[in-house]
Amino acid sequence: MSVPERKSGSEGKEEESEDESEILEESPCGRWQKRKEQVSQGNVPGVESASLAMDTEEGVEVVWNEVLFSDKKVFKAQEEKIKEMFENLMQVEHPNIVKFHKYWLDMKESQARVIFITEYMSSGSLKQFLKKTKKNHKTMNVKAWKRWCTQILSALSYLHSCDPPIIHGNLTCDTIFIQHNGLIKIGSVWHRLFVNVFPDASVHGKARQHRDEQRNLHFFAPEYGSSEDDYAIDIFSFGICALEMAVLEIQANGDTAVSKEAIINAGQSLEDPPMREFTQSCLRHEAKLRPTAHDLLFHRVLFEVHSLKLLAAHCLINNQYLLPENCVEEKTKSFDPNAVMAEIKHDDRQGVQLKYSHVSPLELDKFLEDVKNGIYPLMNFASSRLHPVPRALSLSQEHVETVKTPTPEPQETETRKVVQIHCNLESNEEGTKTHLSLFLKMDDKLHRQLSCDILPSDTSRDLASELVHYAFINEEDSEKVAVFLEDAIHRHRVRALTSGTTQ
């Protein structure tokens with residue numbers, strides 16, 4: 001991060017602050033405002049600069065990244081490939097992955113640019129945190145280590161279970177970030193995609209890759225860069241990260257790369273045998289012998305039967321849209337603090353009573369917020385089912401004209417899993433028709449809402465019965481319920497039009 005020349009006194013500090021907050025450029029829509037201050041969030045091939053920016057809609061700081069192309073012909077040849085890559089990146093959403101917000105293309109006479117906006121991790125990298133911890137002569141807390149490992153593996157399991165799988169390819173303690181509340185997020189997810197899409201010759205400036213930095217060479221698997229490497233390279237990198245988190249630092253000789261001997265010595269220094277076995281299984285030389293991220297979540301070091309409190313919190317968070325706002329606060333207010341919430345009775349000794357006064361509303365709110373942010377994931381119980389990378393729902397350009405076609409466009413096949421369905425029927429005041437709304441909660445969090453008017457006719461009543469019956473009977477085991485619902489509503493509208501009924 002570049003630091004401007006400082007001046008003495010408060011005047012110098014004020015001028016420095018004003019200088020760094022100066023707006024250099026705005027996005028075409030005006031939402032994102034680029035500032036002068038440079039940031040470092042994990043080097044990515046081709047990214048010429050990364051600056052601090054302001055999201056004027058949300059009022060938060062973000063990172064403004066730029067990829068420069070000096071050869072416009074090469075850029076034009078790669079344009080469709082670049083768009084496809086960025087559209088896919090915008091659909092990656094996980095609480096433990098740095099969010100990719102927006103991108104757009106900027107064509108000028110001299111050069112072409114790709115600008116993309118990512119989440120800003122203000123608390124720094126895991127590497128910085130480990131250095132501070134070691135400097136203060138402290139050791140790593142085992143409970144915190146387990147929580148961090150679970151969050152990182154949760155993100156890797158999500159990436160590897162996408163269809164097609166997303167390989168990170170640049171997982172180091174420099175590209176893992178920790179927030180003040182203990183939330184872990186992995187950044188530079190787009191590193192591998194950038195390596196494949198941006199050839200060195202087409203990108204302005206020298207491609208800065210962690211692979212070439214001696215101090216981070218030990219994070220990369222032996223097979224890295226070969227035609228045979230796959231998601232196992234991320235498992236090897238995670239193993240090194242887990243080892244560094246446990247010992248705080250793997251010693252290197254000066255500025256040279258960390259040796260294999262140093263890695264072995266660090267692993268053997270772990271006093272807990274299961275923890276030692278856990279890290280060693282990730283660092284096996286044979287890639288096919290390394291466990292998957294999903295398997296590691298079931299390892300005895302990390303796996304635990306979650307408390308009823310945590311399961312209830314996840315249930316509440318997942319169904320928040322069905323509940324009134326501030327429902328937890330309102331409920332806790334209505335309870336009698338001295339009322340017994342639960343009781344454990346014993347025949348041979350005095351029982352235990354749990355009262356509502358034993359639960360602090362503030363602690364409960366904080367716990368729910370932590371669960372919502374992804375600090376306590378339930379990935380231990382997640383299936384290894386593939387998650388299709390969702391279709392691109394966001395437009396790649398800031399302004400795109402919508403052209404209405406006279407004929408209906410072909411419908412895309414819906415393959416996402418429906419997690420939950422909420423049905424609502426409302427009659428108008430005259431009672432002449434009923435409005436049916438179906439809210440479909442999808443597994444990729446890009447939800448859908450279907451609706452139509454139900455008339456008091458036989459075909460309409462049949463449709464309502466058909467929709468509700470199918471939706472609620474097949475909610476748990478149907479992968480394509482949304483297709484059926486949409487098709488049923490479409491058939492109803494066709495029947496209504498052909499019979500002369502106006503919808």
Would you please test Phe75 and Leu105 for side-chain contact (heavy atoms from CB on, under 4.5 Å) and show each step?
CA-CA 10 Å; Phe75 173 78; Leu105 310 181; 4.2 Å; yes
Gap separating the CD1 atom of Ile184 from the CD atom of Gln179, nearest 0.5 angstrom
9.0 Å
I need the minimum non-hydrogen distance between Pro291 and Leu296, along with the two atoms involved.
CG-CD2, 3.5 Å
Derivation and outcome, ring pair (Phe, Tyr, Trp, His ring centres under 6.0 Å), residues His294 and Phe298:
CA-CA 7 Å; His294 182 261; Phe298 281 92; 5.3 Å; yes
Within 6.0 angstrom of Glu343 CD, more than 12 heavy atoms from elsewhere
yes
Side chain proximity check, Met275 to Val142, heavy atoms < 4.5 angstrom:
yes
Decide yes or no for His314 and Val371: does some side-chain heavy atom of the first lie under 4.5 Å from some side-chain heavy atom of the second?
yes
Would you compute the distance between atom NE2 of His180 and atom OG of Ser122 and round it to the nearest 0.5 angstrom?
8.0 Å
Between Leu243 and Ile250, does a side-chain contact (heavy atoms from CB on, under 4.5 Å) hold up when you go through it step by step?
CA-CA 8 Å; Leu243 188 57; Ile250 302 176; 3.9 Å; yes
Would you please test Cys241 and Trp148 for side-chain contact (heavy atoms from CB on, under 4.5 Å) and show each step?
CA-CA 10 Å; Cys241 291; Trp148 292 351; over 6 Å; no
Could you state the interatomic distance from CG (Leu302) to CH2 (Trp145), rounded to the nearest 0.5 Å?
6.0 Å
What residue among Glu37, Glu66, Gln38 forms side chain to side chain donor-acceptor pair (under 3.5 Å) with Ser51?
Gln38
When Val114, Thr118, Ile115, Ile117 are each screened for side-chain contact (heavy atoms from CB on, under 4.5 Å) with Asn65, the one that passes is Thr118
Between Arg31 and Glu26, does any side-chain N to carboxylate O distance fall below 4.0 Å?
no
Donor + acceptor pair across side chains of His285, Glu223 (<3.5 Å)
no
So, Glu79 and Lys83, do they make that salt bridge, N to O below 4.0 Å?
yes
Are more than 12 heavy atoms, taken from residues, nucleotides or ligands other than His346, located less than 6.0 Å from that residue's NE2 atom?
yes
Between OG of Ser125 and CG of Asp174, what distance do you get to the nearest 0.5 Å?
5.0 Å
Ion pair check, Lys127 and Glu244, cut-off under 4.0 Å
yes
Between the side chain of Arg290 and the main-chain N/O of Ala232, is any donor-acceptor distance below 3.5 Å?
yes
Flag the pair Ile166 / Val92 as yes when at least one side-chain heavy-atom distance between them is below 4.5 Å, and no otherwise.
yes
Crowded around Glu84 CD? As in, over 12 foreign heavy atoms under 6.0 Å?
no
Value for CG (Leu183) from CZ (Arg147), rounded to nearest 0.5 Å, stands at 11.0 Å
Which atom of Val63 lies closest to which atom of Ala50, heavy atoms considered
CG1-CB, 4.0 Å
Counterpart residues, side chain to side chain donor-acceptor pair (under 3.5 Å), relative to Glu369 (two or more places apart):
none
More than 12 heavy atoms of other groups within 6.0 Å of Asp347 CG:
no
Asn170 and Ser188: side chain donor to acceptor below 3.5 Å
yes
Nearest heavy-atom approach of Leu130 to Cys173 is CD1-SG, 4.3 Å
Flag for Ser237-Asp234: side-chain donor and acceptor within less than 3.5 Å
no
Nearest 0.5 Å, what's the NE2-OG1 distance between His299 and Thr150?
12.0 Å
Could you check whether any side-chain heavy atom of Ile23 comes within less than 4.5 Å of a side-chain heavy atom of Lys34, counting everything from C-beta outward?
no
With a 4.5 Å limit on heavy-atom distance, are the side chains of Tyr120 and Val60 in contact?
no
Hey, does Lys146 have a side-chain heavy atom less than 4.5 Å from the side chain of Val301?
yes
Worked check of side-chain contact (heavy atoms from CB on, under 4.5 Å) between Asn96 and Ile186
CA-CA 6 Å; Asn96 301 115; Ile186 64 174; over 6 Å; no
Look at the rings of His94 and Tyr158 and say which category their plane angle falls in: under 30° parallel, 30 to 60° tilted, over 60° perpendicular.
tilted
Looking only at heavy atoms, what is the nearest atom pair of Ala293 and Ser157, with distance?
CB-N, 3.7 Å
In the structure I gave you, are the side-chain heavy atoms of Leu126 and Phe177 within less than 4.5 Å of one another anywhere?
no
With salt bridge (Lys or Arg N to Asp or Glu O under 4.0 Å) as the test, would you mind laying out the steps for Glu61 and Arg35 before giving the verdict?
CA-CA 10 Å; Glu61 291 180 318; Arg35 293 179 177 174; 3.4 Å; yes
Quick one: which of Lys99, Lys185, His101 gives a side chain to side chain donor-acceptor pair (under 3.5 Å) with Glu119?
Lys185
Would a distance-only check, ignoring hydrogens and angles, find a side-chain to backbone donor-acceptor pair under 3.5 Å from Arg276 to Leu270?
yes
Go through it in stages, so that I can follow the logic: the residues are Trp104 and Phe86, the test is ring pair (Phe, Tyr, Trp, His ring centres under 6.0 Å), and I'd like the CA-CA distance, side-chain angles, deciding distance and then a yes or no.
CA-CA 9 Å; Trp104 64 93; Phe86 278 102; over 10 Å; no
salt_bridge(Lys366, Asp370) N-O dist < 4.0 Å:
yes
Phe116 pairs by ring pair (Phe, Tyr, Trp, His ring centres under 6.0 Å) with which of Trp32, Trp64, Phe100?
Phe100
Write down the atom of Cys149, the atom of Met245, and the distance for their closest heavy-atom approach.
SG-CE, 3.6 Å
Does a side-chain heavy-atom distance below 4.5 Å link Leu354 with Ile344?
no
On a heavy-atom basis, which atom in Leu171 and which in Phe219 lie closest, and how many Å separate them?
O-CD2, 3.8 Å
